[in-house]
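Only one structure is covered here, and it is reproduced in the block below.
None of these values were measured; they are calculated from a predicted model. Proteins get letters first, then strands, A, B, ... in listed order; numbering begins at 1 in each.
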Amino acid sequence: MTEEKQKLIVIGAGMASGRVLEHLTETDRDAYDITLFNAEPRGNYNRIMLSPVLSGEKTYEEIVTHDDAWYAEAGVSCRFGERIAGIDTTAKTVTSETGEVLAYDKLLFGTGSNPFMILLPGHDLHGVIAYRDLEDTQRMMAMGPDNKVVVIGGGLLGLEAAAGMAARGVDVTVVHIMGHLMERQLDEAAGYLLRKSLEEKGITILCGANSKEILGGDGRVRALMLDDGTELPCDLLVMAVGIRPNVALAQDAGLAVGRGIHVDDQMLTSVEDVLAVGECVEHDGAVFGLVAPLYDQAKVAAQTLLGEEAAFVQKSLSTKLKVTGCDLFSAGDFAEGEGREDIVFRDPSRGVYKRLVIEDDKLVGAVMYGDTADGNWFFGLIKDGTDISEMRETLIFGPAYQGGSPVDPLSAVAALPPEAEICGCSGICKSTITDAIAGGATDLGAVRATTKASASCGTCTGLVEQLLQVTLGDDFQMPAAQSVCGCTDLTHEDVRRLIKSQELKSQPAVWQELGWTTPNGCHVCRPAVNFYLLADWPLEYRDDPQSRFVNERKHANIQKDGTFSVVPRMWGGITNPDELRAIADAAEKYDVPTVKVTGGQRIDLLGVKGEDLPYIWADLNKAGLVSGHAYSKGLRTVKTCVGTDHCRFGTQDSTGLGIKLEKVLWGSWTPHKLKLAVSGCPRNCAEATCKDIGVVCVDSGYQISIGGAAGMDVKETELLVQVPTEEEAIEVIMAVTQAYREGAKYLDRIYKWLAKVGMEWVKAQVVEDLDNRRALAERFELSQSIYRKDPWAERAKEPAPFAPLANLELEAAE
Amino acid sequence: MSWIDIGHIDDIPLRGARVVKTPVGCVGLFRTGEAEVFAASNSCPHKGGPLSEGIVHGQKVTCPLHNWVFDLNSGEALGEDARIAIYPVRLDAGRILLDGAAVGKRSAA
Ligand SMILES: Cc1cc2nc3c(=O)[nH]c(=O)nc-3n(C[C@H](O)[C@H](O)[C@H](O)COP(=O)(O)OP(=O)(O)OC[C@H]3O[C@@H](n4cnc5c(N)ncnc54)[C@H](O)[C@@H]3O)c2cc1C
Ligand code: SF4
Ligand code: FES
């Protein structure tokens, strides 16, 4: 007599439950009488391979994991396209959506997760879909070269969807809310490289973009509107913004549920005889979104069902993006933690980026882009918790470099074979360079000129210098070129040149392409690079306040006691009773301890508290006063004398010209501060000849001179040109300011820049070549279309960031 | 530990900082990555510079007054014999949780 078999009911034919069935039936085909329900009208398939199906690299048939024959062989009764609607855990029965009631001895949940949909207005329009199952995939496969699709979400799923459709010729735009793609797996530099290669596939990528509303017509999606008003037309909108464990059924059945269905190490839920596996579970506070841990869970669940001892243990995870041509690997974690250290390696010419995170002599995280061959080796070190202190120095070069003793760089260069490539950009090998050295090229410049090595991106400069030293011995003096800071060996001049020539338009682009050795720079290079980028790419690059010194970020000067000083702009040094009254009122209202008249003809309110700044600005704004930029590496003041308005010696309207100049130049950022003055006659009451740019009016016009200083160095300006009209004076000054913005090293005043480029060069640019002068002035004006606005007014609108994030003092007093 | 929710990660700009007033004084919250925050004293041991106003880079911050650089993991000043207090902080689904006990709050029990 055969004993009645135990009944196992499985809810969901997903990747996790599929594995459970495999383990179970392979170990003991007769252990259970199994019934498998699935809401999708099909059996188990490999969900993660939907992306290759979408891109056309695979067919659906190829990704089916269990077909009818398999289920028949394993003795599983299949109820596909039939959802479980309710469970009675006391009676131990399930009710399907058709109303049929079935009894179980054991119940297994494998309900997976639901795609998270942002409830934007219009989210229920036809043509708004998620990316989870075959139906979604087929909707996307119906798109072709005549279609436009918007994907919300720049994570793994969103990008695979975008790349898959782009491979079908669809015009795809990815809208991502964060500053870089896949921010949970990648850091900025890898995100930058990924973006670059996706853009090369024709995908448009918008980062830092916030969706506001989905627009429709006739019930169908028509476009996505962003919060800045941009409309992105589309025929299909894919939302790939995350998943939520599918727990509704379990919750109704009375199982303990947090973010997911609570399970213990044996995959048992809070209710007897009920197990759960996969994305629907929460184990020890964690929920899951990748298959590797689900397979471990499946194995444990099968063993538990068979009465064997087993326990599920969480492990580190690794991710790869399944987009052909984007070679990316990320493993472990590189988030918070004490005592962590980074090792960064970049090879800009090959588009390679690698970053390792080390903690307590162990590798805890790895991100790789462009060359992921060593990914699994690193992942192994992470999982095994290997002590890496012995190989720390060479760790990033991968397994091939381990085992030997650390070598000194010179002997390493000496040991390179003649055909070893030194300069990746120009493809120059070692022997070409040593031949050039033997032929008389005995310094870097000469090697560059004869071989083109190190003439492009400059990353190999160090190697070329080492070759010079190895070849020439003591005859070669290593130059002490001043690099920007410890993050790079490049000089400011190199960086400026490369930003222009390689069209680098973001900080991560600079860090990656120029081989920065730190993840995101330091307090020395960040402000400089930020300035170079905004000066060269005013429209494309967005100023980064976090790369500015406190004064420029706060738009006020920090004082030694941590308070700030506030200086409203007084155009050309002219004010009126209303403005003065507003300043006096503000000084009283905000308890300003010191009110001072500055050397630049302004009034300085010293001692304002940081959190009061937006409010005092709002008050000053009301009287028409704007920021005086007394804190910026940018236009400070245009000082004037009273000129023909009041002075008997005046030759021109110096006050009027000063005001006009200030209205043209204000708000612009420059390598260092920029001060101007206009005097009405050579008596020079406005002290124009010790300013960065000075104008002295004469009967026949305007003498413009540049390069004065009255600080630690005192210098008189040098005459640039005399022009007959105000208009011409303004154009020359715009042009020379722009030439300075485009060429000078960060923190060089005009006089230092002038000493490097020479007055002849400046004259050639802005005096002799009129077309060039006009082009410079136009570029200045273009930049000003972005930057000529009052930073106070903008910040006064949103005072929150100036206040503490939270105040925990108050409750403490209770 | 008693975790107190003090705000959302996006209330702090990437590579920026904000302060929280606490019974032990102002604590700076430094956002070093998309999902990475450190908490440390806001006051520089050199001359009291407000560290939350400094430039945040890697897992470090540079004091805005005289450029001392602090490692936010350990609180140590690089190349100086000085350190700042650091406080336990963690992220949960985008919320920033600061250890109330460490910043001098009696537990709410
Ligand atoms: C496009 C795509 C690409 C991916 N790429 C990767 C990758 O590269 N690497 C990786 O590790 N992971 C990847 N994933 C994630 C991976 O697919 C999931 O982690 C995995 O499928 C989860 O398995 P599961 O068994 O928990 O759930 P699922 O596979 O989602 O299965 C759950 C099933 O339960 C059914 N169901 C739900 N409720 C009921 C009910 N009441 N009654 C009956 N049936 C029900 C559902 O219809 C579904 O078929 C990807 C996911 C997608 C969508
Ligand atoms: S510079 Fe000449 S015009 Fe101007 S105030 Fe002095 S004397 Fe008068
Ligand atoms: S106060 Fe911080 S470095 Fe001086």
Side-chain angles (χ1 to χ4, degrees), chain A residues 177-180 182-184 186-188 191 259 285 333-342 344 359 487 507 518-527 544-551 553-554 558-562 564 610-611 800-814, chain B residues 4-8 10-27 29 31-38 43 47-50 53-65 67 69 71-74 86 88-91 93 96 98 100 103-106 108:
Chain A
I177 192 165
M178 304 305 279
H180 69 269
M182 289 183 68
E183 75 285 348
R184 283 197 301 168
L186 302 182
D187 55 15
E188 274 171 292
R259 280 193 290 161
D333 87 305
F334 25 95
E336 305 123 279
E338 315 238 318
R340 291 198 169 173
E341 193 191 318
D342 279 314
V344 177
E359 181 177 6
C487 303
Q507 294 209 47
T518 48
N520 49 37
C522 70
H523 64 273
V524 179
C525 60
R526 280 252 297 282
D544 174 25
Q546 307 320 321
S547 295
R548 291 194 169 277
F549 291 119
V550 52
N551 293 350
R553 182 165 2 100
K554 284 275 176 173
I558 193 165
Q559 308 297 310
K560 65 176 192 180
D561 61 356
F564 292 85
E611 54 216 69
F802 288 83
L805 183 58
N807 190 341
L808 306 180
E809 266 174 342
L810 303 173
E811 302 102 299
E814 284 166 17
Chain B
I4 302 181
D5 184 330
I6 51 167
H8 193 271
D10 290 335
D11 295 335
I12 309 177
L14 180 60
R15 287 189 293 280
R18 295 279 298 274
V19 295
V20 172
K21 291 190 171 176
T22 78
V24 297
C26 279
V27 169
L29 272 295
R31 181 174 180 190
T32 50
E34 288 288 358
E36 186 175 78
V37 177
F38 290 92
S43 179
K47 292 192 173 167
E53 307 287 4
I55 288 183
V56 175
H57 49 101
Q59 292 177 331
K60 304 187 195 79
V61 63
T62 300
C63 177
L65 293 195
N67 293 335
V69 179
D71 183 338
L72 293 166
N73 289 296
S74 60
I86 52 169
V89 66
R90 67 183 181 93
L91 283 176
I96 308 170
L98 181 66
V103 297
K105 293 234 349 150
R106 283 175 296 129

Counting only heavy atoms closer than 4.5 Å, note whether B/Leu65 contacts chain A via side chain, backbone, both or neither. side chain
Taking every heavy-atom pair that is under 4.5 Å apart, which of B/Asn67, B/Asp10, B/Ile96, B/Asp11 has the most such pairs with chain A? B/Asn67
Does the side chain of B/Val20 reach to within under 4.5 Å of the side chain of A/Pro804, using non-hydrogen atoms? no
Distance from A/Asp544 atom CG to B/Ile55 atom CD1, nearest 0.5 Å? 9.0 Å
Could you walk me through whether A/Leu808 and B/Leu98 satisfy the side-chain contact (heavy atoms from CB on, under 4.5 Å) test, starting with their C-alpha distance in whole Å, then the side-chain angles of each, then the deciding distance to 0.1 Å, before giving a yes or no? CA-CA 10 Å; A/Leu808 306 180; B/Leu98 181 66; 4.0 Å; yes
Please classify the contact between B/Val103 and chain A as side chain, backbone, both or neither, with a heavy-atom cut-off of under 4.5 Å. side chain
Using the side-chain contact (heavy atoms from CB on, under 4.5 Å) rule, take A/Gln546 and B/Arg31 through it: C-alpha gap first, then chi angles, then the decisive distance, then the call. CA-CA 11 Å; A/Gln546 307 320 321; B/Arg31 181 174 180 190; over 6 Å; no
Based on non-hydrogen pairs under 4.5 Å, which of A/Pro801, A/Gly521, A/Pro527 is most in contact with chain B? A/Pro801
Is the side chain of B/Arg15 donor-acceptor paired with the backbone N or O of A/Pro545 at a distance under 3.5 Å, no angle test? no
Heavy-atom distances under 4.5 Å only: say whether B/Val69 touches chain A with side chain, backbone, both or neither. side chain
Under a 4.5 Å heavy-atom cut-off, does chain B meet the side chain of A/Lys554, its backbone, both or neither? side chain
Under 4.5 Å heavy-atom distance to chain B, tell me which part of A/Arg259 shows up: side chain, backbone, both or neither. neither
Exam field: side chain A/Arg553 to backbone B/Glu53, donor-acceptor pair closer than 3.5 Å: yes
Rounding to 0.5 Å, atoms CD (B/Gln59) and OG1 (A/Thr518) come to a distance of 12.5 Å
Can you tell which part of A/Ile558 gets under 4.5 Å to a heavy atom of chain B, answering side chain, backbone, both or neither? side chain
Choice from A/Cys522, A/Gly179, A/Gly562, A/Ala803 maximising heavy atom contacts with chain B below 4.5 Å: A/Cys522
So which of A/Cys487, A/Pro519, A/Ala800, A/Gly610 has the largest heavy-atom pair count under 4.5 angstrom toward chain B? A/Ala800
Flag the one option from B/Pro64, B/Gly58, B/Pro50 with the top tally of heavy-atom pairs under 4.5 Å to chain A. B/Gly58
Tell me whether A/Arg526 contacts the main-chain N or O of B/Val56 through its side chain, where contact means a donor paired with an acceptor under 3.5 Å. yes
Looking at residues at least two apart in the chain, or sitting in another chain, which of them share a ring-ring contact (aromatic ring centres under 6.0 Å, His included) with B/His57? A/His523
